[in-house]
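A short write-up of the structure that comes next.
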Amino acid sequence: MTAFWDFCKSLKGDTLLSKDVIDAHGLTEEEFQQIIKVLGREPNIVELGIFSVMWSEHCSYKSSRVHLGKFPTSGEKVLQGPGENAGIIDIGDGLAAVFKMESHNHPSFIEPYQGAATGVGGILRDIFTMGARPVAILDSLRFGDINIPRNRYLFSGVVNGISGYGNCVGIPTVGGEVYFDEIYNNNILVNVFALGIVKKDKIFRGVAKGVGNPVIYVGAKTGRDGIHGATMASDVFDETSEAKRPTVQVGDPFTEKLLIEACLEAMDKGLIVGIQDMGAAGLTSSSCEMAGRAGTGIDIHVDRVPAREAGMTPYEIMLSESQERMLIVTQLGREQEVIDIVGKWDLDAVLIGEVTDSAKMRIFNAEDIVSDIPVKALTDEAPKYERNISPPPYLDILHDLDIDNIPVPDDLNKVLMVLLSSPTISSKEWIYRQYDHMVRTDTVILPGSDAAVIRVKGTNKAVAMTTDCNSRYVFSDPFTGAAIAVAEAARNIVCGGGEPVALTDCLNFGNPERHEIMWQFQQAIEGIASVCRRFNIPVVSGNVSFYNETNDISIYPTPVIGMVGIIHDVSKRVTQYFKDEGDVILLIGNNSEDIGLSEYLKEIHYKIRGFPPCLDIELEKKVQDLCLQGIKEGWIKSAHDTSEGGLAVAISECCMPPEGTDNIGASIELSDDIRADALLFGETQSRIIITAASDRVAELERMGETTDTPIKVIGRVGGERLVIRRKSDVLIDLPVRDIAEAWQKAIPRYLGEAN
C-alpha cells in the first residue's frame with residue numbers, strides 16, 4: 001500500500017494504465033473491460049480513479065444490493081427510506097427523526113483516534129445534510145482480547161476519538177454497546193449511529209436538480225488525506241495494514257460545528273436545492289450521486305476547489321476524503337447569498353460547477369476536460385454481483401454441544417462474579433464518563449440502561465434509541481442470530497418505555513468473495529427481515545461493511561441493529577434499575593435451558609459451541625406488548641431485558657443504579673426445574689424483569705392471563721444482598737457492594753486505572 005500511496009502522489013494525466021496500475025485500483029479485468037465499453041475508449045488516470053472508488057464495495061454495494069431489497073422499507077411513519085443520506089420517520093407534532101448508522105472499521109484499526117473521530121463527523125454530516133439538527137450519538141464497538149496491549153491501545157484510542165469529536169462539536173453520546181472477543185484482534189468494528197430532529201416541511205435531500213443551477217463547495221480545504229479511503233475500506237488486511245495509514249482522514253470538530261450552523265442557516269433561508277456531504281470518495285461520490293438521484297448531469301471545475309496543499313492533481317482533488325466538506329446546489333442567482341452565509345461562519349464557499357442536462361459527470365481543470373463519464377455508469381449501473389453462496393464447513397463442529405458433558409460449577413457465586421467482571425458484561429462507565437452525554441440538556445435516560453432517551457424540545461415526546469447484536473449467535477446461526485438482534489433492540493426500546501418504529505443497520509462481514517461469507521450475509525438479511533415484518537418495523541437506512549478480514553481470518557458476522565422508538569409521554573420513561581424497598585419483582589417470559597454460545601460457556605468453560613437460544617417471535621411480541629402496556633398504564637417502575645450473562649447478571653444490573661444512588665438488594669425465589677447454571681446464566685430470549693408496587697401486581701397478572709403471556713412473581717426488592725433461591729437451595733448469596741465493585745472496576749482494572 002505504501003507503494004500505491006507513492007504512486008498516487010506522482011500521478012500525471014498521461015500515466016500509463018498498466019495491469020499493475022489497474023490492479024492497484026482494486027478493479028478486476030472484467031470491470032476494466034466494462035469501463036472501456038461504457039466510455040467507448042480506455043479511461044485516463046483520473047477516470048480510472050473515479051471508477052475505482054465508485055465501483056468499490058464501500059460505495060457501490062455491488063455484492064449486497066441483490067439481497068438488501070428483501071428488507072421492508074415502507075410504513076405509516078416512514079418519510080424517507082433507504083437511498084438517501086439518512087432515513088426519516090414521522091414522530092408527530094410536525095417533526096421527524098432523521099437517523100443512520102455507518103462504519104469506520106478499517107480506518108479505526110489503522111489510526112484509532114482519527115478513524116473513530118472522523119466516523120463521528122461523517123455520520124453527523126449524513127444527518128444535518130437532511131436538514132436535521134443532530135441531537136444524539138450512539139456507538140457500537142467490537143475489540144479483541146483486552147489483555148493484549150495493542151487492543152487496549154485501539155480501545156482507548158477509539159473511545160478518545162469518539163469523545164474528542166462528539167464533545168467538541170456539542171452532540172451528546174448517549175449510549176451504545178461494546179463487546180470484546182479474540183476474533184476482533186485484527187479487525188475492530190467502529191459503528192456510529194446518529195439521530196437528528198427536523199421539521200417535516202424542512203427536509204432536504206442530496207439531489208442536483210435544476211439545469212443551470214450553481215454547485216458550491218462548502219467547508220474545509222481539500223488535502224491529500226483520505227485518498228482512496230473507500231478503496232482501502234473495500235479490501236482485506238494483512239501484515240502490511242499499518243502502511244495504509246495515509247488513507248485515514250483527519251477530522252476537525254470545530255470546523256464541523258461551524259459547518260452545521262452554516263448549512264442549517266442556508267437551509268432555513270430557503271437557499272438549498274440539494275446538499276450532500278463529501279464522505280467516502282469525497283467530491284466524486286457527492287457530485288455523481290446527487291446528479292444520479294436527480295437524473296441530471298454535473299460539471300465540476302477542480303481548479304476552483306480550495307486546496308490546502310500546493311500542486312494537487314485533479315486525481316487527488318476528486319478522490320480526497322478530507323473531512324468537513326459539503327456540496328450544495330442552490331438556485332441560479334442566489335449563489336452569493338450562500339457564499340455570504342458560509343463566509344460569515346469563517347468557512348470556504350466557492351462556486352465550482354453547475355448542474356447540466358448532459359447526464360454526465362464532467363471534470364474540468366482550467367479549460368481541459370480531464371474526465372467525462374456517464375453518471376449512471378457510476379451509480380445505478382455500477383457492477384452488481386450475485387455471489388456464490390454455501391454454508392461453511394465448520395457448522396457441524398460448532399453446533400456439537402452436549403450439555404450433559406458440561407459440569408455445573410460448585411460455586412455459583414464465583415461464576416456470577418467472574419461474569420460480572422468480564423469485559424463484555426462489566427460496566428461501561430469508564431467509556432461513557434468520557435462522553436458529554438448531557439450537552440444540549442435533552443438526555444433523560446443516561447447511558448447504562450437498556451435504551452438511551454432524548455427529550456424532543458417543544459413537545460411532550462421523547463425518542464428512545466439502542467444498538468444491539470450478539471455476533472457469536474450470528475456466527476452459529478446467521479438467520480436466528482440476526483433475528484435476535486432485532487428482537488433484542490426492540491426489547492430494549494420497550495424497556496425504556498418506547499414504541500419501536502424503525503431501524504437502521506450496520507452489516508459488518510468478511511470477504512464477500514468467499515461463499516460462506518455471502519451465505520452468512522444472505523441468512524442474516526432474511527433473519528432481520530422476518531422480525532421486521534412481524535413487528536412492523538421498517539429498515540429506513542443502513543450501511544454494509546465487507547472485507548473485515550485479515551490473513552483469511554474473518555470477524556464474526558456482526559449485523560448491528562440501531563433502533564428508534566417513540567415515547568409519547570416522556571414522563572412514562574422507565575430505566576432498568578430497582579427503585580424502592582418492597583417492590584415486587586416479576587419475570588415476563590419463561591426460563592429454559594439455553595447455555596449454548598453463552599458468555600457463561602465461554603468465560604467459565606472456555607467453549608464456543610452450540611446453537612443460539614430459540615427465538616419464538618410470537619412469544620417475543622406478547623412479552624414486549626405486555627411490558628409496554630404496563631409502562632403506559634404506570635404500573636411498571638423498572639424494566640430490564642435479559643441478554644448476555646442471563647437472569648442472574650440481569651438482576652445484578654438492576655441492583656446497581658447510576659452514580660449518586662445507593663445500590664439495593666433483592667431476594668429472588670425461582671421454581672424452574674432446569675439445570676442451575678442454565679437457570680442463572682442461560683441466555684433464553686423473550687424475558688423482561690420488571691418491578692411494580694404490590695398493589696399493581698394483580699393488574700399485571702390479569703393482563704398476562706388475558707393476553708396469554710407468561711408472567712410470574714419471582715421476588716422482592718430490598719436489603720443489601722442479592723439472594724437467589726430455588727426451592728430450599730440457595731444458588732446465589734452475595735453482598736451487592738461486592739457485586740458492584742466487581743462490575744464497575746473491571747475495565748479500569750484491565751486498563752491499569754483501578755483504585
Q: Start with the C-alpha gap between Y473 and L615, add the side-chain angles, then the distance that decides, and say whether side-chain contact (heavy atoms from CB on, under 4.5 Å) holds.
A: CA-CA 12 Å; Y473 293 171; L615 178 65; over 6 Å; no

Q: Decide side-chain contact (heavy atoms from CB on, under 4.5 Å) for M518 and N388; before the verdict, give the C-alpha distance in whole Å, the side-chain angles of both, and the deciding distance to 0.1 Å.
A: CA-CA 7 Å; M518 285 309 301; N388 290 327; over 6 Å; no

Q. Can you check side-chain contact (heavy atoms from CB on, under 4.5 Å) on M290 and V329, steps first, answer last?
A. CA-CA 9 Å; M290 290 178 73; V329 175; 3.7 Å; yes

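- A heavy-atom distance below 4.5 Å is not found between the side chains of L597 and K602.
- Side-chain atoms of R142 and D181, non-hydrogen and from C-beta on, never get closer than 4.5 Å to each other.
- Remark: E102 CD to C506 SG distance equals 6.5 Å, nearest 0.5 Å.
- When side chains are defined from C-beta on, E47 counts as touching R41, because their heavy atoms get closer than 4.5 Å.
- The two residues A502 and V540 have their closest heavy-atom pair at CB-CG1, 4.1 Å.
- The aromatic rings of F521 and F546 are tilted relative to each other, their planes meeting at an angle between 30° and 60°.
- With rounding to the nearest 0.5 Å, the separation of OG in S545 from NE2 in H106 is 6.5 Å.
- At a threshold of 4.5 Å between non-hydrogen side-chain atoms, the residues C532 and V486 count as touching.
- Here the side chains of Y547 and P512 are in contact, with some heavy-atom distance below 4.5 Å.
- At least one donor-acceptor pair under 3.5 Å links the side chain of T504 to the backbone N or O of S541.
- Between W55 atom CH2 and I35 atom CD1 the span is 4.5 Å, to the nearest 0.5 Å.
- In this structure, I555 and S471 have side chains that are not in contact, with every pair of non-hydrogen atoms separated by 4.5 Å or more.
- Under a 3.5 Å cut-off, the side chain of N548 and the backbone N or O of F509 do form a donor-acceptor pair.
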Q: Verify side chain to side chain donor-acceptor pair (under 3.5 Å) between Q520 and E516, making sure each step is shown before the conclusion.
A: CA-CA 6 Å; Q520 292 172 346; E516 66 271 23; over 6 Å; no

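- Once rounded to the nearest 0.5 Å, the distance linking OG of S530 with CD1 of I617 reads 4.5 Å.
- E84 places a side-chain N or O within donor-acceptor distance of the main-chain N or O of G206, the cut-off being under 3.5 Å.
- In this structure, I553 and I183 have side chains that are in contact, with non-hydrogen atoms separated by less than 4.5 Å.
- Other residues, nucleotides and ligands place more than 12 heavy atoms under 6.0 Å from the NZ atom of K70.
- In this structure, CD1 on I203 lies 5.0 Å from CG on L79, to the nearest 0.5 angstrom.
- The pair R514-E549 meets the salt-bridge criterion, since a charged nitrogen lies less than 4.0 angstrom from a carboxylate oxygen.
- Under the 4.0 Å criterion applied to side-chain N and carboxylate O atoms, E256 and R125 are assigned as salt-bridge partners.
- Distance alone, capped at 3.5 Å, places no donor-acceptor pair between the Q276 side chain and the S287 backbone.
- For N151 and N185, the side-chain atoms include at least one donor-acceptor pair closer than 3.5 Å.
- Panel note: side chain N44, backbone V46; a donor-acceptor pair is recorded below 3.5 Å.
- The pair R472-E683 does not count as a salt bridge, with every side-chain nitrogen at least 4.0 angstrom from each carboxylate oxygen.
- In plain terms, the two heavy atoms of A487 and V531 that are nearest each other are N-CG1, 4.2 Å.
- For the pair S140 (side chain) and N191 (backbone), a donor-acceptor distance under 3.5 Å is absent.
- Side-chain atoms of N105 never come within 3.5 Å of backbone atoms of N187 as a donor-acceptor pair (strictly under, hydrogens ignored).
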Q) After noting the C-alpha distance and the side-chain angles of S286 and L283, does the key distance pass the side-chain contact (heavy atoms from CB on, under 4.5 Å) rule? A) CA-CA 5 Å; S286 56; L283 182 55; 4.2 Å; yes

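- In plain terms, the two heavy atoms of G610 and H399 that are nearest each other are O-CD2, 3.6 Å.
- Here the closest non-hydrogen pair linking S103 and N508 is CB-OD1, 4.1 Å.
- Across all their heavy atoms, S322 and D225 have their closest contact at OG-OD1, 2.6 Å.
- Formation of a donor-acceptor pair under 3.5 Å by the E57 side chain with backbone atoms of K62 is found in this model.
- A distance of 10.5 Å separates CZ of F128 from CG of N85, quoted to the nearest 0.5 Å.
- A donor-acceptor pair under 3.5 Å is formed between the side chain of T550 and the backbone N or O of N186.
- Few gaps surround CG on D380; more than 12 heavy atoms of other groups in view lie less than 6.0 Å from it.
- Within a 6.0 Å sphere centred on CD of E182, other residues, nucleotides and ligands contribute more than 12 heavy atoms.
- In summary, the aromatic rings of Y394 and F475 are positioned with their centroids under 6.0 Å apart.
- Ion pairing between R224 and E316 holds under the 4.0 Å rule for side-chain N and carboxylate O.
- Counting only heavy atoms from C-beta outward, the side chains of I45 and H25 approach each other to under 4.5 Å.
- Across all non-hydrogen atoms, the minimal contact from A485 to C469 is CB-CA, 4.0 Å.
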Q: Applying side chain to side chain donor-acceptor pair (under 3.5 Å), run through T129 and D277 and close with a yes or a no.
A: CA-CA 7 Å; T129 194; D277 80 300; 5.6 Å; no

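- A ring-ring contact (aromatic ring centres under 6.0 Å, His included) with F143 is found for one member of F155, F109, Y179 and no other, namely F155.
- With hydrogens and angles ignored, the 3.5 Å screen pairs a side-chain donor or acceptor of T284 with a backbone N or O of M318.
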